[in-house]
Structure formats: structure tokens, C-alpha cells
Amino acid sequence: MTATTEVTEDDISEDSITQIQILQNQQLADISPAGSDDVSAVSRAWFTSKEDKDSLTNKGHRWKQGMWSKEEISILMSNIERYLKAHGIKDATEIIFEMSKDERKDFYRTIAWGLNRPLFAVYRRVLRMYDDRNHVGKYTHAEIARLRELRVKHGNDWATIGAALGRSASSVKDRCRLMKETCKTGKWTDEEERRLADVVHELTGTETGDIVTQGVSWASVAERVGTRSEKQCRSKWLNYLNWKQSGGTQWTKEDEINLILRIAELGVLDENDINWDLMAEGWSSVRSPQWLRSKWWTVKRQIANHKDVSFPVLIKGLRQLHENQTTLLGDQDLEGKADIQSPSGGSGVQHVQIRVAHLEESPSLPNSMAALQIPVQITHLCKNDPECGN
């Protein structure tokens, strides 16, 4: 089965692509401490407190959060390479782990050039990339036992604890967040759910039925709940209990289509530019901004090669796919059709590929209407297919 949609030059033009590439090249060529006047206020700021963030927000500044895109990582790596070359340094780890703050004072501000992220976010990304102790692997039972001992002895001195275990400070801190002596696993009891709800509403000054997705100290919540970790409490609340208490409805196929349409209306070129807090507003079926973002990841994986196409093309391919489904099934069949999970844990969705082909100019079309075609080919069909093994 093959479906085709046309994208005019107004949507994706060669001129716009060329212009973006030129800007990137100019940015990378001009990277230097002397050019720091052109860096945004966000890229100059280390802000780690709510007050710092609010101050920039009130001045109209916006910045990227969440997952780093391939383009951002590429810019960051190019910035680091250029900094090393300009300073005659062979290995970035020499700057990151051996130099004093004064010696590397311009390093992070320089490599943040072209990235609309605060310096602390750049700093954390660089540490995770270059610290080999972040990639040691799963914690053994012996390490967890040792970690408990070190936590009692050193408290929140993550650097000392990490050094003793041969792991990074961020790694042991993250692992401790999941570790609790009295932490249970498995299904939550009714009493645990009631206790979680009571604690969340008490700490946030809200009432039962209110939607609460921000401003929650999950460490404090876990401490009060007593039987679950921070991660368990956060996940249970954001992905289920808050939605249940506020009278939420089931996610449907129609909701999935509306999500694609709403993202398309944003006109963004990168999914990291989506404000999921705003996107999550106005849905009775959405459990939290984080939950909705996870739903989006599931939706885009219907396109097998979603990592290989640009974001605008991905959105157009998804719209075309669902328009075809609507035509085949009919609007009435889509309404109220719940997003049923298969026994294997995945939703019974179609997996397709997008292939973009530039067409030669056609004499039947004006030059300004020369188009791209996006053939959407069904390459694998899981729904009701006995060969899938679901």
C-alpha cells in the first residue's frame, strides 16, 4: 500500500535549507570568546534556582529543555573541537576534569555558542559525555550495599561517594533517588494510593480533583508516603492517580490524530521546541505533560525511519498516514476508539517508512509550484497480523 502527499516549496524550500546551513557555518566559524556579545542571555546564565529562571522568563527569554537533538549535539561537539584547536589542547577531559574554574572560565560560555540552553545544562551534558564513570553499567547488589553504607557516612557528598565506588557523582546521586530501605515493588495498595494523594494535595495546597503536575517535591512526597521511592511516587501520580482523581477519560485514536494536528499547527522545526505544559492543556485524556510527551514518542515510532527525516516531513507523513486510516475506517469508527495495548505491551499500530524524493520540474507546473513527494509505504503491519507474534 502506497500513499503520496505533496509538499510545496512554501513548506520546504531549497532556499530556506541553504540559508539555515549558511547561518550554522557562520556561527561555527565565528566561535570565539570575543564573539560572546552575540550569545543570548540564556547561554550566558548558569541559573540553577527558580528565581533565576523566573527573572529570565519575565524578560521574555525562552530556552530549550528536555532531550538534546542530534543537531544540538553536533553543534556542541563542533564548538568543543574548535575550542581545543584554538587553545592547543588535545583532549577535552583535560579542561573538564583537570583545570581549575579560573583556567576554564570561558570554556562553557564558548561551547554554548549557538545553543539556546543555560550553561548549567551544557555543563551537565558535557560531564555525562566525557565522564567514563557514567557508563560503567548496572549496579551490582554489592555496589548497592556499599552505596547504602557510604550514604550513611557521607550524606549528600556525591563526589566522595562516587569516587569510592568508581562512578560519577551524578550516577550515584541518581541511583540513591531510586533506593529506599523500605521501598516496595509491585502493585500499589488502595491505602498507598490514598496516602500519596493526601500528601501531594497537602504539600501543594490543592484539593482532591485538582490537576497537579508541577511544583511537587517528590523527595518530600516519598518521605511522607514511606513505602515508595521518589520515582515511584512521581510516576504513579503523573501517569495515573492524578488523572483518575480528576475524572480523566481514556486516550483514543481520535486524540492521537488531534495530537498530530496540534503539533503541526505549531509550525516548529524541532520537537524540542514543543512546550508540553501548554500542549497538555485542554485534554480530559491527558494525564500529565510528561505522559503526553511519552504518547508522542509512541506515535512517531509508527514511522520506522522517523530519525532519518526532518521534523516537518515526519509530521506531514503522520498526517497523511492517519488521513488514509480515516478514509479506510471512517470517522465513526475512529471516534471513541480506545488506544488498546497488545498483550506484548505495544499498541497495535502500523509501522511505515517515509521516503522523500525531489521531483524534476514539470512543464505542467509553474516553477514556483515545483513540489516534493513523500511516498508513505506500509512496510510492516502488526495489527491483527498472526505473523507478528503478539
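Keep in mind that the numbers below use all heavy atoms, side chains included, and drop hydrogens, waters and symmetry copies.
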Over all atoms of both residues, closest heavy-atom pair of Val286 and Ala280: CG1-CB, 3.9 Å
Residues in ring pair (Phe, Tyr, Trp, His ring centres under 6.0 Å) contact with His306, at least two apart in sequence or another chain: none
Test side-chain contact (heavy atoms from CB on, under 4.5 Å) applied to Ala163 - qualifying residues, sequence neighbours left out: none
Nearest heavy-atom neighbours spanning Arg228 and Cys233: CB-SG, 3.9 Å
Candidate pair Asp273 and Phe311, rule side-chain contact (heavy atoms from CB on, under 4.5 Å), full reasoning: CA-CA 11 Å; Asp273 291 331; Phe311 190 66; over 6 Å; no
Test salt bridge (Lys or Arg N to Asp or Glu O under 4.0 Å) applied to Asp270 - qualifying residues, sequence neighbours left out: Lys64
Qualifying salt bridge (charged side-chain N to carboxylate O under 4.0 Å, His left out) pairs with a residue from residues 200-221, counting only residues at least two apart or across chains: Glu202-Arg224
Minimum heavy-atom distance between Leu318 and Lys300, given as atom pair plus value: CD1-CA, 4.3 Å
Connected-component partners of Leu203 among ILVMFWY, side-chain separation under 4.5 Å: Trp188, Leu196, Val199, Val200, Val212, Val216, Trp218, Val221, Val225, Trp237, Leu238, Tyr240, Leu241, Trp243
Nearest heavy-atom neighbours spanning Gly215 and Thr204: O-CG2, 4.1 Å
For Ile144, side-chain contact (heavy atoms from CB on, under 4.5 Å) partners two or more places apart: Tyr139, Arg148, Arg175, Met179
Distance in Å, Ser78 OG paired with Ile111 CD1, rounded so as to fall on 0.5 Å steps: 12.0 Å
Whether over 12 other heavy atoms sit under 6.0 Å from Arg319 CZ: no
Presence of salt bridge, Glu149 and Arg146, under 4.0 angstrom: yes
Residues in salt bridge (Lys or Arg N to Asp or Glu O under 4.0 Å) contact with Arg125, at least two apart in sequence or another chain: none
Carboxylate-amine/guanidinium contact Glu256 Lys253, below 4.0 Å: yes
Shortest non-hydrogen contact from Glu271 toward Trp276: O-NE1, 4.4 Å
Residues which pass side-chain contact (heavy atoms from CB on, under 4.5 Å) with Asp308, listed by chain and number, not counting sequence neighbours: Asn305
Donor-acceptor contact below 3.5 Å, side chain Asp255 vs main chain Thr252: yes
Parallel, tilted or perpendicular: rings of Trp283 and Trp251 (30°, 60°): parallel
Under 3.5 Å donor-acceptor, Ser235 side chain and Lys231 backbone: no
Residues that Asp198 engages under salt bridge (Lys or Arg N to Asp or Glu O under 4.0 Å), provided they are two or more places apart: Arg194
For Gly114 against Ile75, the heavy-atom pair lying closest together: O-CD1, 4.2 Å
Pairing of Glu81 and Lys85 as salt bridge, 4.0 angstrom limit: no
Derivation of the side chain to side chain donor-acceptor pair (under 3.5 Å) call for Asp102 and Ser100: CA-CA 5 Å; Asp102 285 339; Ser100 66; 5.3 Å; no
Pair Glu192-Gln232, side chain to side chain donor-acceptor pair (under 3.5 Å): steps then yes or no: CA-CA 11 Å; Glu192 284 181 308; Gln232 286 175 308; over 6 Å; no
Under the side-chain contact (heavy atoms from CB on, under 4.5 Å) test, residues paired with Ile89 that sit two or more places apart: Leu84, His87, Glu94, Ile95, Met99
Listed partners of Thr213 passing side-chain hydrogen bond (donor to acceptor under 3.5 Å, both in side chains), at least two apart: none
Spacing of CD belonging to Gln245 relative to OG1 belonging to Thr208, to within rounding of 0.5 Å: 5.5 Å
Pairing residues for Trp297 by the ring pair (Phe, Tyr, Trp, His ring centres under 6.0 Å) criterion, not counting sequence neighbours: none
